[in-house]
Amino acid sequence: MAHRFEIHPSIGVARLGNSRDEFYLEPESIGGLPIACDPNGNAITNGDRPEFVRQFKDSQGRIKRQAARFRVFRYDDANPNDPGTEITINSPEVEKIVWTAHVANKKAVWYQFSELEGDLMLGQQNSYQACHVPLRNPHVVGPPRMKEMIDPGPRTLDGAGQRAPFSKDTIPTGYIHGSFPQGTPSQGLPIRTLGEMITDADGRLLVLGGYGNAGGNSPIDTFAGADGWHDDISDGPVYCQLHLKSGEVIEMRAWVLAGSPKFAPELVNIVTLSDIMYDVGIRYMNLVPGMYSGGAWNREYMANFDRDIAPIIERPMDYMWVANVQPMLGFTAPRFNVRDASEANRVYRETYFKYFRKREQPDELFSGPGDAGIPLMPLNSGSNSVSNTLIDKFLCLTETQYFLLEQWAAGKFDTNPPQPTPGVHPLDVASVGNCVGGPMCPGIEVTWSTRNPPIYEAPYRLLHAHDEAYYFANGLSTTHDECAGGGCEPGDLTKRMAIPWQADFFQCTVQFINFTNDNVNKLSDIPLPPTYYAYWWPPQSPMYVLSGALSVEEQTAAGVPAGFQVYYPRGINSFSQMIMAWSYLGFIVNQNHDEMGSMFPSFTEVERNHDMFQATSVAVGGISNFLNPEDTFFNPMWFLKPVAVARHPAVRAALMGAEAEPAEPTGFVSAPPRSHMHHGRRR
């Protein structure tokens, strides 16, 4: 019997946290809770069911990291419908399993983020060179430029219960290209590790990212960050050698991405990274030839309601818990039977569908003629609503999502139990399905490079540029553009992101978007009026949430009653404060723990470090206050307490004249705060 073996997920997603010891395993469904594990990475189960995580911080109020967990599956080639069987080092046919991982951070040597410039999907004339996009840290040239990368080199584990850190002091002997930032930054914390890899009791691989540290030498005044900075975001290849007792050795590959925390783990973006990869697979890799083939859509293709349509209808409801998006809420519970494929129901389906923005009209806001009517869906920013080059004002569904919704409107769908896409494992879909797929300006975990077919060797699987022997001989490239072909190197998936990641997370929640002039977003860095208020990625970067403070003590510290809608990052008012205080933010979690809790959700903010903030109020009034001091009203306001700053390791080290500990929370900078809109942030 012929077998094949594969690693799943094909791209695992780890997330940063500043807890020294506690972590959990990534979710295994889109919008699912992470899986609890013991300190050695072994999943905790209740019978045959996993125990889910509901507390995301440790006893000291520090955020737990999320581990990407990689497993090996065996398939019977004679059975195309074989769902796969997991094998471990305890399987009778297995001699041993050897894992190698090589993560890196290339942000400091790549080009400055410039919205859509550099995206080769828009043509060769849009390359970085043709658009004259400057490099990050351009003053560092020649061989020293390689040292701007964070490259710990590879690590290998070959048994159960093993660990290997991706740290500065464990760079492999003979890997002469290993590098970490030199010295101690004038602001924030030094980067000394990108995390670690672990094997559990069955020899599965777990990869953990860094602690959320960031350090640099210059003030930050833009969402893209600044030169002279580093953070501990990373990505890179995962290799597996499966040694069978028969003597056969099977080699497999995957990828790991270590991104920022997801503070609303159960809420899902309207366009996810899975949607992006599915679209690439459909239109460029013949993933479902019955849907798309020869450059054309099959108008007779039958969509499946639960797999293809329900997510588009349901996901806007998730935004309700993390943003004010009333214009979208009417589309999450239509007043007709959305599962009814009858001709009599067609007029309602088609009416619903017409309110979704066409891919060829990303600058269109309203459904009616002129500047009036109902805002089109989705009501998110596009991938460039911030500059006047390659304007992309409002988000669109992927072309595949749009086609499937169009089929639904035409009645070409069924309500049968959904079947997985052949050749794509559910774990592959789930892992990236909890990441942002749009807008990509630059995004949160990854950016528009994931829409480029040349980076993939198969649907949901990245093309690897080289093996480890090549990297030992040559190191990583500072100039290789994987979107032009040739595969991905360690660090390539995240090198286009903001540096540090906290800069983008702080500034990018909402955007004022001009909707009357297709050719202009801003004049002199100010959005051209009239503008419309739209969001970036609410499930990843929340804006407004419901306070979950229930006790007298907690409400006293929080400053508001339970159920009160509050500005999510309240008290963090600058880039420097976000870099220092990101771990004090709360998590937005469904409080309905019933078996059917997802049907009646109640998402509130929990685990916010209220003791690090001062809740107060500010008197507001008109000019008459000078004459009549009673003509005032009070707004709640929040500020970081002095103790929140003093407790930070970078500040403590400065006061003590010592170097800061590496595994504590993120960095602190002294750049002056930028002014921003009241109760909101925008680019």
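All values below come from the heavy atoms of this structure, side chains included, with hydrogens, waters and symmetry mates left out.
Ring orientation note: the planes of His425 and Phe73 are tilted relative to one another, at an angle of 30° to 60°. Aromatic ring orientation, Phe5 versus His3: tilted (interplanar angle from 30° to 60°). In this structure, Tyr75 and His8 have perpendicular ring planes: the angle between them is above 60°, well past the 30° mark.
How far CG of Asp306 is from CD of Gln419: 11.5 Å, rounded to the nearest 0.5 Å. Residue Cys435 holds its SG atom at 8.0 Å from CE of Met277, rounded to the nearest 0.5 Å. Taken to the nearest 0.5 Å, the CH2 atom of Trp501 stands 13.5 Å off from the CG atom of Asn105. Atoms CD and CZ, on Glu607 and Arg54 in that order, are 12.0 Å from each other to the nearest 0.5 Å. To the nearest 0.5 Å, the span separating CZ on Arg192 from OG1 on Thr170 amounts to 13.5 Å. A distance of 11.0 Å separates OG in Ser431 from OH in Tyr460, rounded to the nearest 0.5 Å.
Ser234 pairs with exactly one of Leu257, Thr494, Val207, Leu194 by the side-chain contact (heavy atoms from CB on, under 4.5 Å) rule, that one being Leu194. When the options Asp504, Val271, Ile270 are evaluated for a side-chain contact (heavy atoms from CB on, under 4.5 Å) with Trp537, the one that passes is Asp504.
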Practice prompt. Applying side chain to side chain donor-acceptor pair (under 3.5 Å), run through Asp275 and Thr272 and close with a yes or a no.
Written response: CA-CA 5 Å; Asp275 294 320; Thr272 70; 3.1 Å; yes
Item to complete: Determine, step by step, whether Phe505 and Phe263 satisfy the ring-ring contact (aromatic ring centres under 6.0 Å, His included) criterion, reporting the C-alpha distance in whole Å, the side-chain angles of both residues, the deciding distance to 0.1 Å, and the verdict.
Response: CA-CA 11 Å; Phe505 185 81; Phe263 289 98; 5.6 Å; yes
Worksheet entry | Candidate pair Thr509 and Ser541, rule side chain to side chain donor-acceptor pair (under 3.5 Å), full reasoning | CA-CA 6 Å; Thr509 48; Ser541 184; 5.4 Å; no
Practice prompt. Start with the C-alpha gap between Asp151 and Ser179, add the side-chain angles, then the distance that decides, and say whether side chain to side chain donor-acceptor pair (under 3.5 Å) holds.
Written response: CA-CA 5 Å; Asp151 179 12; Ser179 59; 5.4 Å; no
Worksheet item: Where do Asp308 and Asn304 land on the side chain to side chain donor-acceptor pair (under 3.5 Å) test, with the steps shown first?
Response: CA-CA 5 Å; Asp308 304 325; Asn304 177 264; over 6 Å; no
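Contact check on Glu251 versus Arg253 returns no salt bridge, with no Lys/Arg side-chain nitrogen under 4.0 Å from an Asp/Glu carboxylate oxygen. In summary, Lys64 and Asp58 do not engage in a salt bridge, as defined by a charged side-chain N under 4.0 Å from a carboxylate O. Here Arg315 does not pair with Glu266 in a salt bridge; the nearest charged N to carboxylate O distance is not below 4.0 Å. Note on Glu595 versus Arg49: salt bridge recorded, some NZ/NE/NH1/NH2 to OD/OE distance being below 4.0 Å. By the 4.0 Å N-to-carboxylate-O rule, Arg71 lies close enough to Glu28 to be salt-bridged with it.
Remark: side-chain polar atoms of Ser551 are paired, donor with acceptor, to backbone N or O of Glu554 under 3.5 angstrom. With hydrogens and angles disregarded, a donor-acceptor distance shorter than 3.5 Å links the side chain of Arg155 to the backbone of Pro152. Between the side chain of Asp232 and the main chain of Tyr211, a donor-acceptor pair closer than 3.5 Å is present. Formation of a donor-acceptor pair under 3.5 Å by the Glu26 side chain with backbone atoms of Ile35 is not found in this model. Put simply, the side chain of Asn609 never gets that close to the backbone of Asp611: no donor and acceptor are under 3.5 Å apart. Formation of a donor-acceptor pair under 3.5 Å by the Arg15 side chain with backbone atoms of Ser260 is found in this model. Between the side chain of Asp82 and the backbone N or O of Asp76, at least one donor-acceptor pair lies under 3.5 Å. Judged purely by atom type and a 3.5 angstrom limit, Lys96 has no side-chain atom pairing as donor or acceptor with the backbone of Ile89. Between the side chain of Gln66 and the backbone N or O of Val13, at least one donor-acceptor pair lies under 3.5 Å. Side chain of Thr447 to backbone of Pro442: a donor-acceptor contact under 3.5 angstrom is found.
In terms of heavy atoms, Glu482 sits closest to Gly487 at CB-O, 3.3 Å. Across all non-hydrogen atoms, the minimal contact from Ala164 to Leu157 is CB-CD2, 3.8 Å. Residues Gly209 and Ala14 share a closest heavy-atom pair of N-CB, 4.1 Å.
Side-chain atoms of Val103 and Pro490, non-hydrogen and from C-beta on, never get closer than 4.5 Å to each other. Side-chain atoms of Val72 and Thr88, non-hydrogen and from C-beta on, never get closer than 4.5 Å to each other. Within the 4.5 Å cutoff, the side chain of Pro569 has heavy atoms near those of the Met578 side chain. Between Cys240 and Leu205 the shortest side-chain heavy-atom distance does not fall below 4.5 Å. Side-chain atoms of Cys488 and Trp255, non-hydrogen and from C-beta on, do get closer than 4.5 Å to each other. Annotation: side chain of Arg74 is not in contact with side chain of Glu86 (no heavy-atom distance under 4.5 Å). Between Met580 and Gln502, the closest side-chain pair of non-hydrogen atoms is not below 4.5 Å. Within the 4.5 Å cutoff, the side chain of Ile97 has no heavy atoms near those of the His243 side chain.
Remark: Gln55 CD is loosely packed, at most 12 non-hydrogen atoms of other residues, nucleotides or ligands lying under 6.0 Å away. Within a 6.0 Å sphere centred on CG of Asn46, heavy atoms belonging to other residues, nucleotides or ligands number 12 at most.
Under the 3.5 Å distance criterion, with hydrogens and angles disregarded, no donor-acceptor pair is assigned to the side chains of Glu605 and Tyr568. If you check the side chains of Asp202 and Asn90, you find a donor sitting under 3.5 Å from an acceptor.
Checked against a 6.0 Å centroid threshold, the rings of Phe587 and Phe603 do not count as neighbours. Note: His593 and Phe52 fail the aromatic proximity criterion, with ring centroids not under 6.0 Å apart.
Tyr535 pairs by the ring-ring contact (aromatic ring centres under 6.0 Å, His included) definition with Tyr533, not counting sequence neighbours. With sequence neighbours left out, Glu196 forms a salt bridge (Lys or Arg N to Asp or Glu O under 4.0 Å) with Arg65, Arg163. His466 meets the ring-ring contact (aromatic ring centres under 6.0 Å, His included) test with Tyr470, Tyr471; sequence neighbours excluded. Take Lys168 and apply the salt bridge (Lys or Arg N to Asp or Glu O under 4.0 Å) test, not counting sequence neighbours, and it matches no residue. In this structure, the side-chain hydrogen bond (donor to acceptor under 3.5 Å, both in side chains) partners of Asp492, at least two apart in sequence or on a different chain, are Lys106, Lys495.
Cation-pi geometry between Arg570 and Phe613 is not satisfied (NZ or CZ under 6.0 Å from the ring centre, within 45° of the ring normal).
The ring pair (Phe, Tyr, Trp, His ring centres under 6.0 Å) pairs that include a residue from residues 12-43 are Tyr24-Phe56, where partners are two or more places apart or lie in different chains.
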